[in-house]
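In this text, all values refer to a predicted model and were calculated from it rather than measured experimentally.
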Amino acid sequence: MEQHDLTVRPLRGRDELDLFNRYPYLLNDELADDLDAGRRRPEWMWMALRGERLVARVAWWGDPAPEILDIFDADTVDDGVRLLRTALRRVLPAGATPPEYLRYLPPDWRERPDSRLVVERLLDALSQLGGAPLVERLRFDWRPGTPIAAPSGRLRFRPVRDRAEMLALMTSTLDGTLDAHSRDDLTRMTPPEAAAAHYDRELAEYRSPRDWWRIATLPDGEPVGFVCPARNNYNPIIGYISVLPAHRGNGYIDDLLAEGTRILAAEGVPHIRAATDVGNAPMAAAFARAGYATIGRVVNWHWPS
């Protein structure tokens, strides 16, 4: 597809990955495996070329349909807009709201002129196509050998009984949540609907046993919160962790995080990944206390409906 001097087209196959990966990026090393696993498809990966030179690229991730726009690079704002506008029309159904955009960044990206310039260029292009900022998140990593806090004795832990119990707790924890994605969901859904959507699109997709998940209770059995240690397609993770509204402010988050970390560490994992919103200061502080190192940030943009 020619646009004046710009050729815009999808990837023709795996043999073009070296060309597609002209832009250095955290996710480049995952693309071949993602294609093999069906989490990406060549027709979801688009390039803009001048002659044989790559000047912009976009790619979606998902299974069985595009769920996230997680690769977007461009030499100029104009090239980025022209590529993304064409790819959006060709990849997504007519009238569909585009998936969220994620950009993985160094922890200090605002202090690095090269990173800041890239982000400003891409976000300018997204804004011209209707995108808007949603949240910036911190990414954490725990490594074996990092001390895990001993149980405080204040709480008891048991497995989750079933989906209904988990949904009831997830619905409760939405009251006063600091999580931007949950708050955005609540602008369009009731709390039970938002909890079910979160469960079905994320927790239900984890590749690990659900008996790793734990509910924390007081000695009398009253639930205090829950933690979902898990494994996604790439890493062991703390998938979801929360203290119920009536029990916030008592430091129970440290007990929950220690329990989730302990469960994964017992599996011999090489590391544990986790993330939380920059604005969720209590959760970020809990990860720091537990020895989780900050390894990066991710900016999330969406297309408001």
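The shortest distance between side-chain heavy atoms of R231 and P209 does not fall below 4.5 Å. A 4.5 Å side-chain heavy-atom check between L244 and L169 finds at least one atom pair inside the cut-off. Looking only at side-chain heavy atoms (C-beta outward), V58 and L88 stay at 4.5 Å or farther from each other. Between Y104 and Y25, the closest side-chain pair of non-hydrogen atoms falls below 4.5 Å.
Residues V227 and L256 share a closest heavy-atom pair of CG1-O, 3.7 Å. Residue A230 comes nearest to Y206 through the heavy atom pair CB-CD1, 3.4 Å, listed as atom of the first residue, atom of the second, then distance. R207 and N232 make their closest contact through NH1-O, 3.2 Å (heavy atoms, listed as atom of the first residue, atom of the second, distance).
Applying the ring-ring contact (aromatic ring centres under 6.0 Å, His included) criterion to H198, with sequence neighbours excluded, gives Y240.
A donor-acceptor contact closer than 3.5 angstrom is absent between the side chains of N280 and R137. In summary, the side chains of W109 and E136 do present a donor paired with an acceptor at a separation below 3.5 Å, with no hydrogens or angles considered.
R262 CZ: more than 12 foreign heavy atoms inside a 6.0 Å radius.
Salt-bridge annotation for D73 and R22: absent, with no side-chain N of the basic residue lying under 4.0 Å from a carboxylate O of the acidic one. Contact check on D254 versus R154 returns no salt bridge, with no Lys/Arg side-chain nitrogen under 4.0 Å from an Asp/Glu carboxylate oxygen.
For the atom pair W61 CH2 and L69 CG, the distance stands at 13.0 Å (nearest 0.5 Å).
Using the six-membered ring where Trp is involved, F72 and Y101 have ring planes that are perpendicular, over 60° apart on the 30 and 60° scheme.
In this structure, W44 contributes its side chain and A65 its backbone to no donor-acceptor pair below 3.5 Å.
Note that R57 lies outside the cation-pi zone of Y23, set by a 6.0 Å cut-off to the ring centre and a 45° limit from the axis.
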